[in-house]
Amino acid sequence: KYTGEFWQGMALSPLYYASQFAEMFMLQYVGNVTNWGFGEVSYSHLTHLYQLHAQVMSFGTNYWNAQRNGAQTLGYILMTMEQSINAEPVNGLYPDTVNDKITLLFNHDTNLLYIRELLGVEWLPEGLALNV
């Protein structure tokens, strides 16, 4: 449905809603939900649907959007590495984490796409043949 607002074309399209269902089904599957995808979607179909979701996400994940939306996360990663290497507190990080041996960072898949774009890298997680 075109409303005359260019930015709504994606948010109100059938492709957008199909992408959201694909993501929901994948989250159900990896969350070990019984009867995921209403019990109507095979794993093979799910991987194809999720590829659609990944493609839809990639439409908005260009270098300029990655700079705007991914720079904060990448900056946090770099500051954490600097703090770990120098063993001195860095402004913006928790000061009592200076001696931590590991930092876990949990992120949304879109944010990971931004980081991937900024760093110019690609990865394939084991068990999921999608580059997201």
Legend entry - N91 atom CG, over 12 foreign heavy atoms within 6.0 Å: no
Legend entry - From L74 atom CG to M79 atom CE, the distance as rounded to the nearest 0.5 Å: 11.0 Å
Inset, instruction - Find out whether V41 and Y29 are in side-chain contact, i.e. whether some heavy atom of one side chain is under 4.5 Å from a heavy atom of the other. - result: no
Legend entry - Between CG on residue L118 and CG on residue N65, distance to nearest 0.5 Å: 10.5 Å
Legend entry - Closest approach of E82 to V90 (non-hydrogen atoms, all atoms of both residues): OE2-CG2, 4.3 Å
Inset, instruction - Taking atom CE of M24 as the centre, report whether more than 12 heavy atoms of other residues, nucleotides or ligands fall under 6.0 Å from it. - result: yes
Inset, instruction - Consider only side-chain heavy atoms of I, L, V, M, F, W and Y, link residues closer than 4.5 Å, and tell whether I85 and L78 are in one cluster. - result: no
Legend entry - Any T97 side-chain heavy atom under 4.5 Å of T103 side chain: no
Legend entry - Rounded distance (nearest 0.5 Å) linking atom CD1 of I77 with atom CD1 of I115: 4.0 Å
Inset, instruction - Report yes if the side chains of E117 and N62 come closer than 4.5 Å at any heavy-atom pair, otherwise no. - result: no
Inset, instruction - Would you mind reporting whether V98 and Q83 have side-chain heavy atoms less than 4.5 Å apart? - result: yes
Inset, instruction - Work out which heavy atom in S19 is nearest to a heavy atom in H53; give both atom names and the distance. - result: OG-ND1, 2.7 Å
Inset, instruction - Using only heavy-atom distances, determine whether the side chains of Q72 and Y76 contain a donor-acceptor pair under 3.5 Å. - result: no
Inset, instruction - Decide yes or no for R68 and W64: does some side-chain heavy atom of the first lie under 4.5 Å from some side-chain heavy atom of the second? - result: no
Inset, instruction - Kindly give the heavy-atom pair with the smallest separation between L49 and A22, and that separation in Å. - result: O-CB, 3.3 Å
Legend entry - In one Ile/Leu/Val/Met/Phe/Trp/Tyr side-chain cluster, 4.5 Å: F25, V33: no
Inset, instruction - May I ask whether V121 and Y114 are part of the same hydrophobic cluster, defined by side-chain heavy atoms of I, L, V, M, F, W, Y residues being less than 4.5 angstrom apart, directly or through others? - result: no
Inset, instruction - Measure the spacing between CG of L105 and CD1 of I102 and express it to the nearest 0.5 Å. - result: 11.5 Å
Inset, instruction - Check whether M26 and F38 end up in the same hydrophobic cluster, where Ile, Leu, Val, Met, Phe, Trp and Tyr are linked by side-chain heavy atoms less than 4.5 Å apart. - result: yes
Legend entry - Distance (rounded to the nearest 0.5 Å) between Y43 OH and W36 CH2: 8.5 Å
Inset, instruction - Decide if atom CG of N86 counts as having more than 12 heavy atoms of other residues, nucleotides or ligands within a radius under 6.0 Å. - result: yes
Legend entry - T80 vs D100 side-chain heavy atoms within contact, under 4.5 Å: no
